[in-house]
Undergrad: 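First the structure, then my questions, so here it is.
All values below come from the heavy atoms of this structure, side chains included, with hydrogens, waters and symmetry mates left out. When a residue number appears, it is its place in the shown sequence, counting from 1. As the structure is a prediction and not an experimental result, all values here were calculated from the model.
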Amino acid sequence: MRYFIEQALFLVLSRFFRFFGIKTARRLAAPMAYFFFYILPVRKKTVLENLAIAFPDKSSDERYQLAFNCYKSFAVSLVEILYMPSLTPEHMKKMVDCPNKELIVKSYNEGKGVILLSAHFGNWEYVAASVSLQIGIPFSVIVKPQSNPYVNNWMNRVRTQYINKVVPLGISIRNVYKELSSKNIVAMVADQRGPAEGLRVKFFGRDSAVYSGPAMLALKTSAPIIFGVAIRQADYSYEIVLQKIDQSNLPDDEEGKVRGLSQRHISFLESIIRQHPEQWFWMHKRWKY
């Protein structure tokens, strides 16, 4: 029953925002953020704890304001995602500026596949949807299935409404390896907390659990890693910052290579978050262990 209720709410909100148009829908993001930050706090304690770890030099008042801005940013992203079924391919292209998208095309033409990483930053769903349209090459979007199957199906229909396809992550990286072996571009978010017993690298000065999959796949297949982050601009457009992660001069041993490469792409992400901290998704317990 809970899944049906969640699905109904999801569909109602999507139709509501699409009825009023994207400009009006975005204006509704601010009262949504106010409600879930002040009236019915959702993960507020977690956000403030994370910000205290990441920015110990900021005052509590500064972190509190930053936390609220994070809620506003996420509300905008949620509204935009719910609005996506109404976006034409041409509209989706115009939503995002990717100045050096030729970096992806050049890497793809090398014939080794491409690992395109992103993060829950700005509007992460726009990265794969827009850039694949701009370069005319479909992405294999690697997704972790959500607990609600109805919402999961809705999201996957949105992700595949243009030229991309969805590849379930499942319990292994076998599907991802298959896509890279076929010389495809695989796109995935790479900022989730990894398993407690897994790899740890430095993130905001603290040992943090991360998934080693991207680095392991890159080393095994020789595919390049490109990190792309969609930064929201004042006019609600997005500019993507792309960075090819250097794979040279890594340690000789396999474990050291995986750790070193993972540290490099996590450090790049940290540098972007420090510039625009309000646009990252601070609501998950990044430092749970």
Undergrad: So, Ser182 and Asn184: side-chain donor and acceptor under 3.5 Å apart, yes or no?
TA: no

Undergrad: What are the two closest heavy atoms between Met84 and Gln161, and how far apart are they?
TA: O-NE2, 2.9 Å

Undergrad: Can you see whether Ser130 engages Gln134 through a side-chain donor-acceptor pair at a distance of less than 3.5 angstrom?
TA: yes

Undergrad: So do the side chains of Ile226 and Ile115 get within less than 4.5 Å of each other, counting heavy atoms only?
TA: no

Undergrad: Are any of the side-chain heavy atoms of Lys244 and Ser107 separated by less than 4.5 Å?
TA: yes

Undergrad: Any side-chain donor-acceptor pair under 3.5 Å between Ser208 and Arg286?
TA: no

Undergrad: With under 30° as parallel and over 60° as perpendicular, where do the rings of Tyr126 and Tyr238 fit, or are they tilted in between?
TA: perpendicular

Undergrad: Does one side chain, of Gln233 or Ser237, offer a donor that lies under 3.5 Å from an acceptor on the other?
TA: no

Undergrad: Do the side chains of Lys165 and Glu179 get close enough for a salt bridge, i.e. N-O under 4.0 angstrom?
TA: yes

Undergrad: Please determine, by modelled atom types, if Arg232 and Ser77 share a side-chain donor-acceptor pair under 3.5 angstrom.
TA: yes

Undergrad: Should the ring pair Phe68 and Tyr34 be called parallel, tilted or perpendicular, given that the plane angle runs from 0 to 90° and is split at 30 and 60?
TA: perpendicular

Undergrad: Same hydrophobic cluster for Ile163 and Met155, using side-chain heavy-atom links shorter than 4.5 Å among ILVMFWY?
TA: yes

Undergrad: Do you know which two heavy atoms are closest between Pro56 and Arg63, and how far apart they sit?
TA: O-NH1, 3.8 Å

Undergrad: Around atom CG of Asp252, are there more than 12 heavy atoms of other residues, nucleotides or ligands at under 6.0 Å?
TA: no

Undergrad: With a 3.5 Å distance limit and no angle check, can you tell me whether Thr24 reaches the backbone of Gly21 through a side-chain donor-acceptor pair?
TA: no

Undergrad: Side chains of Ile22 and Glu80: closer than 4.5 Å at any heavy-atom pair?
TA: yes

Undergrad: Is the distance from the ring center of Phe74 to that of Trp282 below 6.0 Å?
TA: no

Undergrad: Hey, is NZ on Lys44 packed in by over 12 heavy atoms from elsewhere, all under 6.0 Å?
TA: yes

Undergrad: Kindly state whether the ring of Phe37 and the ring of Tyr71 have centres lying under 6.0 angstrom apart.
TA: yes

Undergrad: Measure across Leu242 and Lys101 and return the closest heavy-atom pair with its distance rounded to 0.1 Å.
TA: CD1-CA, 4.1 Å

Undergrad: Around atom OH of Tyr150, are there more than 12 heavy atoms of other residues, nucleotides or ligands at under 6.0 Å?
TA: no

Undergrad: What I'd like to find out is whether the side chain of Trp154 reaches to under 4.5 Å of the side chain of Leu11, using heavy atoms alone.
TA: yes

Undergrad: Among residues at least two apart in sequence or on other chains, which ones pass salt bridge (charged side-chain N to carboxylate O under 4.0 Å, His left out) with Arg274?
TA: Glu270

Undergrad: Would you say the side chains of Arg193 and Tyr211 form a donor-acceptor pair under 3.5 Å?
TA: no

Undergrad: Will you find, in the side chains of Ser248 and Asp246, an N or O donor that is under 3.5 Å from an N or O acceptor?
TA: yes

Undergrad: Spell out, as yes or no, whether a donor-acceptor pair under 3.5 Å connects the side chain of Asn164 to the backbone of Ala128.
TA: yes

Undergrad: Is any side-chain heavy atom of Asp97 less than 4.5 Å from a side-chain heavy atom of Ile240?
TA: no

Undergrad: Taking ring pair (Phe, Tyr, Trp, His ring centres under 6.0 Å) as the cut-off, I'd like each qualifying pair that reaches into residues 89-121, sequence neighbours left out, listed once.
TA: His120-Trp124

Undergrad: If every non-hydrogen atom of Gln247 is compared with every non-hydrogen atom of Pro224, which pair is closest and at what distance?
TA: NE2-CA, 3.5 Å

Undergrad: Shortest non-hydrogen contact from Gly256 to Asp253?
TA: N-OD2, 2.7 Å

Undergrad: How about CE on Met216, more than 12 heavy atoms from neighbouring residues, nucleotides or ligands closer than 6.0 Å, or not?
TA: no

Undergrad: What are the two closest heavy atoms between Val127 and Ser118, and how far apart are they?
TA: CG2-OG, 3.9 Å

Undergrad: Got Gln192 and His284 here, is their nearest side-chain heavy-atom distance under 4.5 Å?
TA: no

Undergrad: Would you check if Leu117 and Ile225 make a side-chain contact, meaning some heavy-atom pair closer than 4.5 Å?
TA: yes

Undergrad: State, yes or no, whether a side-chain contact exists between Phe139 and Val131 at a heavy-atom distance under 4.5 Å.
TA: yes

Undergrad: For Val241 and Ile272: C-alpha separation, side-chain torsions, deciding distance, then whether side chain to side chain contact (heavy atoms under 4.5 Å, CB included) applies.
TA: CA-CA 9 Å; Val241 176; Ile272 298 296; 4.2 Å; yes

